There are 2 protein chains.
Amino acid sequence: MEFKGAEAPRYRDGAQSIHRTAALLREIAAARGGGASLSKLSAATGLVPSTVHRMLQALVDEELLAKDPATRTYRAGPLLYELGLAAAPRLDLRKICAPVLQRIAEATGDSVYLTVRSGDDALTLDRREGSFPIKALPQEIGNRRPLGVGAGALAVLAALPAPEGEALVIANAARYGRYRLTAERVGTELAAARERGHTVSTGRFVARYRGVAVPFGGLETPAASLCVIAISERLKPERIERVAELLHREVAAIGTLLADQAPPEPTGHW
Amino acid sequence: MEFKGAEAPRYRDGAQSIHRTAALLREIAAARGGGASLSKLSAATGLVPSTVHRMLQALVDEELLAKDPATRTYRAGPLLYELGLAAAPRLDLRKICAPVLQRIAEATGDSVYLTVRSGDDALTLDRREGSFPIKALPQEIGNRRPLGVGAGALAVLAALPAPEGEALVIANAARYGRYRLTAERVGTELAAARERGHTVSTGRFVARYRGVAVPFGGLETPAASLCVIAISERLKPERIERVAELLHREVAAIGTLLADQAPPEPTGHW
DNA sequence: CCCTTAAATTCCATTATGTGGAAACATGAA
DNA sequence: TTCATGTTTCCACATAATGGAATTTAAGGG
């Protein structure tokens, strides 16, 4: 058995299949909207199509994934939902931030995103739609992308201590190409974001939308960000500033909410 | 490689590892409270301990599971939660039933459970606590057990067409031993439940609690049940009848809610 | 405390299992 | 139609997963 793709086997023992399976699952959670095709998954994981096909079939058999026969795309399946129920987080950031998202959506009329770090990825943890008729919904709840891709995911990086953030940019270097980015570029943006206190999306990947995000957490609590996204015309420079200020105020509010909540439980994840 | 346990390889191709992994994950979701130990998982899956150990380690590496170092038990990990987010169900039974559970909890003062079918298992989809100080909380959200074990899971069976229900009892025959049950016994209880319209737990597995459940769904919508659980003293025969009537009324209410909702989407799961 | 038992973990020779190349088969575009 | 792209099946091969045995660690019991 040879390796086709770039990633050398990062882990030790006889568990290649489990690591490959996990990589596939994460990759499927990265797919927007419709789901992921076999060839996309093959390219993204560096596994040959026949292997991916066989694995996907087994995962569908187990209902970990579901296959749309019309489009031949794969998406997260019922068993994943059910297993997720059993993994209720200790610190339910989604619940805690729900009223905050609501408030921002009402105040701005635009879409609001809560993004957190998960390993090398940014994860869309929650979303609220604003009242403005043209919805900017580039991300679904549960979607993943490399840290640094887009305003929300860049702000998550900015929530981390600088050395850690930069290390993650390096770690993700190989993945940025798919988003028309480079590690250098992300590094520069990250530094700029630290200066400014907020991020603005470059519109490099999704042209018609623009986003503003403010980081929070990163030490006791997970690195995260609040992000407002709208069509570009609705986010001209002067409004960006106003939205950023609003987000900063709400981040402060979350800070006090978290201080109340978080009894430093030794066990486990957020 | 030989097979130690009872189950012969149910699936075809070169995907043993994926099926074993899925079995492990399901088994961990079956564990109450603290989590599952390696030996329990080994026994439950029929895999030798060294194999289970290696797989669990890999799953923990991937954060699909988390290990409590103190008790050396395994439970669902953060990545499962995150992947579950991406698998939002089309028909969100949990959301739809939320107000119903709330109402029942307030009316009875006892714990209320929403249980659904997932393959050969019953799955605790949601729970609400009543005001009575002694809480009957034998199940956590996300917990699994074989269909037929306990009032709620027996009522789920009763929601299915009789032949299908009986077939599932046969399919689960080998698993009932762990719950001090037999397929015959479950079959009898199931028949009785169909007569009566509701189930009452025998208290065979959890002695100090008693439960009453009423089935619903099973055709267009997934087989499910509403269940009220309390300490045995609070569920004497005459109160059981009154609670069962209340549950029947609420089941009817769900029926109309579902009729409004469910646009028969061809794709996928509930 | 020490002794016994059970469970968890590591090790490693063996081979069943997963692999990936190649070829067949679909699908959709021009 | 033909061509190009993506999906699926097939199968000989060698790697990766396996499980028995040995070792280590923890949990009781007296």
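The model shown is predicted, which means the values in this text are computed figures rather than measured ones. A note on names: the letters A, B, ... follow the listed sequences, proteins ahead of strands, and every chain is numbered from 1.
Within the nucleic acid shown, A:Ser39 comes within 4.0 Å of sugar-phosphate atoms alone, with no base atom in reach, counting heavy atoms only. In this structure, A:Lys40 reaches neither bases nor backbone, as no heavy-atom distance under 4.0 Å exists between it and the strands shown. Residue contacts for A:Arg54: at a heavy-atom cut-off of 4.0 Å it reaches a base atom on one of the strands shown.
Spacing between atom CG of A:Leu41 and atom P of D:dT8 amounts to 12 Å, rounded to whole angstrom units. In this structure, CG of B:Leu56 is placed 11 Å from C1' of C:dA8, rounded to the nearest angstrom. Note: NE2 (A:His19) to P (D:dA16) measures 12 Å, nearest angstrom. Rounded to an integer number of Å, the gap from B:Gln57 CD to C:dA8 P is 13 Å. Rounded to whole Å, atom P of D:dT24 lies 19 Å from atom CG of B:Leu38. One interatomic measurement links the two molecules: CG of A:Leu47 to C1' of D:dT7, which rounds to 16 Å at whole-angstrom precision. Summarising the geometry, the separation between CE on A:Met55 and P on D:dT7 is reported as 16 Å, rounded to the nearest angstrom. Per the geometry, CZ belonging to B:Arg20 stands 10 Å off C1' belonging to C:dA16, to the nearest Å.
Checking the phosphate oxygens (OP1, OP2) of C:dT19, a side-chain nitrogen or oxygen of A:Gln16 falls inside 4.0 Å. In this structure, A:His53 does not reach the D:dT7 phosphate: none of its side-chain N or O atoms is under 4.0 Å from OP1 or OP2. Residue A:Lys67 has a polar side-chain atom (N or O) positioned under 4.0 Å from OP1 or OP2 of D:dT8. At C:dT19, none of the side-chain N or O atoms of A:Ser50 fall inside 4.0 Å of OP1 or OP2 (strictly under the cut-off). In terms of phosphate contacts, A:Arg72 brings no side-chain nitrogen or oxygen within less than 4.0 Å of OP1 or OP2 of D:dT5. Proximity of B:Ser17 to the phosphate of D:dA16: no side-chain N or O atom is located under 4.0 Å from OP1 or OP2.
The pair A:Arg175-A:Asp121 meets the salt-bridge criterion, since a charged nitrogen lies less than 4.0 angstrom from a carboxylate oxygen.
Comparing D:dG20, C:dT19, C:dG21 against the side chain of A:Val48 picks out C:dG21 as the nearest. Comparing D:dT8, C:dA8, D:dG19 by their nearest atom to the side chain of B:Ser37 picks out C:dA8.
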message: I'd like to know whether A:Arg117 forms a salt bridge (Lys or Arg N to Asp or Glu O under 4.0 Å) with A:Glu164, so could you lay out the CA-CA distance, the side-chain angles of the two residues, the decisive distance to 0.1 Å, and finally the verdict.
response: CA-CA 12 Å; A:Arg117 176 187 174 188; A:Glu164 199 176 349; 3.0 Å; yes

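Partner B:Tyr81 forms a side-chain contact (heavy atoms from CB on, under 4.5 Å) with one of A:Leu80, A:Asp92, A:Leu83 and no other, that one being A:Asp92.
Note that CG of B:Leu56 and CG of B:Leu25 are 9.0 Å apart. Values are rounded to the nearest 0.5 Å. The distance from the OG1 atom of A:Thr21 to the CG atom of B:Leu64 is 9.0 Å, given to the nearest 0.5 Å.
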